[in-house]
Amino acid sequence: MGKVVLVTGVARQLGGRFVRRIQRDPDVDRVIGVDAVPPEHHLGGAEFLKADIRHPAIARVLAETGVDTVVHMDINGTPLGKRGGRASVKETNVIGTMQLLGACQKAPNVQRLVIKSSTSVYGSAPRDPAVFTETTTPKSLPSGGFAKDIVEVEGYVRGFARRRPDVAVCVLRFANILGPCADSPLAEYFSLPVWPTVLGYDPRLQFVHEDDAIEVLRIAAAAPRRGTLNSGTFNIAGDGVLLLSQTSRRLGRPTVPLLLPTVTWAGTALRSIGITDFSPEQIRLLTHGRVVETTQMRETLGFHPKYTTAETFAEFARSRGPGLLPPASLARTVDRLAGVLPARGGPTQ
């Protein structure tokens, strides 16, 4: 018998892609996709079970299917499509994770657990270190939103690991995932014709390509390869960084530098009319940025991303089409503004 893998959050594009990919692994015998709503995309030969992980019934799913590997991808910053709101997302992230971990704790067959986490766990603050490692303590814990959800989720995962030391637990802290199918709040922001930015700040950003995200999830869900260890916590990001000003010129999107209170007001207005989820935590990211160290990803996990941060953004840019301004003209304008308004906000910005 091969492995029996259960994947949560398969109604989203990334979850669906991962389900289709892991079925091709020769040591996987059965894949079960779980979500509260049926996916609009195909899952290949995987089975789909309509189940809400917030409810205790998920324990019965694990017990009846004999799952030995759980890949928890139903941890997100925004609702799926128009379904629910922030409260529903928080319940799925936190309460859903609690219920799933409780079910895993009772399931003797479970041998491996993979958690799709986020570098949002570090927050974004003016006194942050230049680079976060997996053991860096944030200067200030996130006070709300998706980042706070991630902090709570990882706390519950650590508790589970103590109660079930026989289960190999892998937590993948992803930088912002981008690609042609990206549907994150940051992807929505990048799709705006004009970007509101914080006056005087030019944050450093990192990205992960969708293809790389799928591959590292597959590595985490499999038995460790010789010389590697896929249990523990790992930062996942492409090589290099991009400044926000560089992303704007590469997309041809002009920026409107505003004072921080005005940006906050603009974000609230955009969110209220449903254009983009311009949350306070995203404003902090677009003010102070965030960069993580990925040595453990390479040397311990044995994963080497195919795409750099710049290449990931280039793929995303090609999928979005041209902006309002030619990139070359915009680059000259941004460079002139940069000479007048020196960037602030990070240790090396």
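Only this structure's heavy atoms are used, side chains among them; waters, hydrogens and symmetry mates stay out.
Two different hydrophobic clusters hold L62 and M73 under the rule that ILVMFWY side chains link at heavy-atom gaps under 4.5 Å. Under the 4.5 Å side-chain heavy-atom criterion for grouping Ile, Leu, Val, Met, Phe, Trp and Tyr, V94 is not connected to V89 through any hydrophobic cluster. V71 and I75 sit in two unconnected hydrophobic clusters of ILVMFWY residues. Membership requires side-chain heavy atoms under 4.5 Å apart, directly or through other members. Linking Ile, Leu, Val, Met, Phe, Trp and Tyr residues whenever their side-chain heavy atoms come within less than 4.5 Å leaves V241 and Y122 in two separate clusters. There is no path of hydrophobic side-chain contacts, each under 4.5 Å, that joins V121 to L186.
Atom-to-atom distance recorded for E215:CD and E210:CD is 14.5 Å, nearest 0.5 angstrom. Note: N235 CG to S118 OG = 10.0 Å, rounded to the nearest 0.5 Å. A distance of 5.5 Å separates CZ in F207 from CG in L178, rounded to the nearest 0.5 Å. The structure places CD1 of I150 at 9.5 Å from CD1 of I115, a figure rounded to the nearest 0.5 Å. A distance of 7.5 Å separates OG1 in T233 from CD in E134, rounded to the nearest 0.5 Å. The OG1 atom of T262 sits 9.5 Å away from the CG atom of L199 when rounded to the nearest 0.5 Å.
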**OP:** Go through D149 and K90 one step at a time and tell me if the side chain to side chain contact (heavy atoms under 4.5 Å, CB included) criterion holds.
**Re:** CA-CA 7 Å; D149 292 355; K90 181 176 179 63; 3.1 Å; yes
Original post:
Given the rule in the side chain to side chain contact (heavy atoms under 4.5 Å, CB included) test, do F160 and V169 qualify, once you have shown the distances and angles that lead to the verdict?
Top reply: CA-CA 9 Å; F160 169 81; V169 179; 4.0 Å; yes
Original post:
Run the ring pair (Phe, Tyr, Trp, His ring centres under 6.0 Å) check on F190 and F313 step by step: do they pass?
Top reply: CA-CA 10 Å; F190 285 149; F313 192 80; 5.3 Å; yes
Original post:
Please walk me through it: do L242 and R250 pass side chain to side chain contact (heavy atoms under 4.5 Å, CB included)?
Top reply: CA-CA 11 Å; L242 283 178; R250 294 181 189 200; 3.6 Å; yes
Original post:
Passes side chain to side chain donor-acceptor pair (under 3.5 Å), E281 versus S120? Steps please.
Top reply: CA-CA 9 Å; E281 64 188 283; S120 296; 4.6 Å; no
**OP:** Take V167 and V70 through the side chain to side chain contact (heavy atoms under 4.5 Å, CB included) test and state the conclusion after the steps.
**Re:** CA-CA 10 Å; V167 176; V70 176; over 6 Å; no
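Listed for the Q23 side chain is a donor-acceptor partner under 3.5 Å among the backbone atoms of V19. Between the T8 side chain and the D74 main chain, a donor and an acceptor come within less than 3.5 Å of each other. For the pair R284 (side chain) and G123 (backbone), a donor-acceptor distance under 3.5 Å is absent. Using modelled atom types, one side-chain atom of D212 and one backbone atom of K306 make a donor-acceptor pair closer than 3.5 Å. Side-chain N or O atoms of T309 include one that pairs as donor or acceptor with a backbone N or O of G238 at under 3.5 Å. For the pair R21 (side chain) and R218 (backbone), a donor-acceptor distance under 3.5 Å is absent. At least one donor-acceptor pair closer than 3.5 Å links the side chain of N230 to the backbone N or O of A222. With hydrogens and angles ignored, the 3.5 Å screen pairs a side-chain donor or acceptor of T65 with a backbone N or O of V61. With hydrogens and angles disregarded, a donor-acceptor distance shorter than 3.5 Å links the side chain of D35 to the backbone of V10. R204 places a side-chain N or O within 3.5 Å of a backbone atom of A130 that can act as its donor or acceptor partner.
Residues L285 and N176 form a side-chain contact, since some pair of their non-hydrogen atoms from C-beta on lies under 4.5 Å apart. Side-chain contact check for L192 versus R253: every heavy-atom pair is 4.5 Å or farther apart. Contact check for L6 versus V110: no side-chain heavy atoms found under the 4.5 Å cut-off. Contact annotation: the side chain of D68 never approaches that of R112 to less than 4.5 Å [non-hydrogen atoms, C-beta and beyond]. Side chains of L217 and F174 form a contact here, defined as non-hydrogen atoms less than 4.5 Å apart. Considering only heavy atoms from C-beta on, D128 stays 4.5 Å or farther from R290 through its side chain. With a 4.5 Å cut-off on side-chain heavy atoms, W195 and L286 do not count as touching. Between K116 and L14, the closest side-chain pair of non-hydrogen atoms falls below 4.5 Å.
R17 and D211 make their closest contact through NH2-OD1, 2.6 Å (heavy atoms, listed as atom of the first residue, atom of the second, distance). L172 approaches V114 most closely through the heavy-atom pair CD1-CG1, 4.2 Å. Here the shortest heavy-atom pairing between N93 and V153 reads O-CG2, 3.2 Å. Considering every non-hydrogen atom in both V131 and E293, the closest pair reads CG1-N, 3.3 Å. Residues L229 and F234 approach most closely at O-CZ, 3.5 Å, considering heavy atoms. Nearest heavy-atom pair across S124 and G289 is OG-O, 3.4 Å.
A side-chain N or O of T133 and one of T136 form a donor-acceptor pair less than 3.5 Å apart. Remark: the T300 side chain and the Q296 side chain contain an N/O donor-acceptor pair separated by less than 3.5 Å.
With a 6.0 Å radius and a threshold of 12 heavy atoms from other residues, nucleotides or ligands, R163 has its CZ atom above the threshold.
The aromatic rings of H288 and Y201 sit perpendicular, their planes meeting at an angle over 60°, well past the 30° parallel limit. Between Y307 and H209, the ring-plane angle classifies as parallel under the 30° and 60° cut-offs.
A salt bridge between E47 and R30 is present, with a side-chain N of the basic residue lying under 4.0 Å from a carboxylate O of the acidic one.
Only one option out of L259, L258, L260 pairs with V198 in a side-chain contact (heavy atoms from CB on, under 4.5 Å); it is L260.
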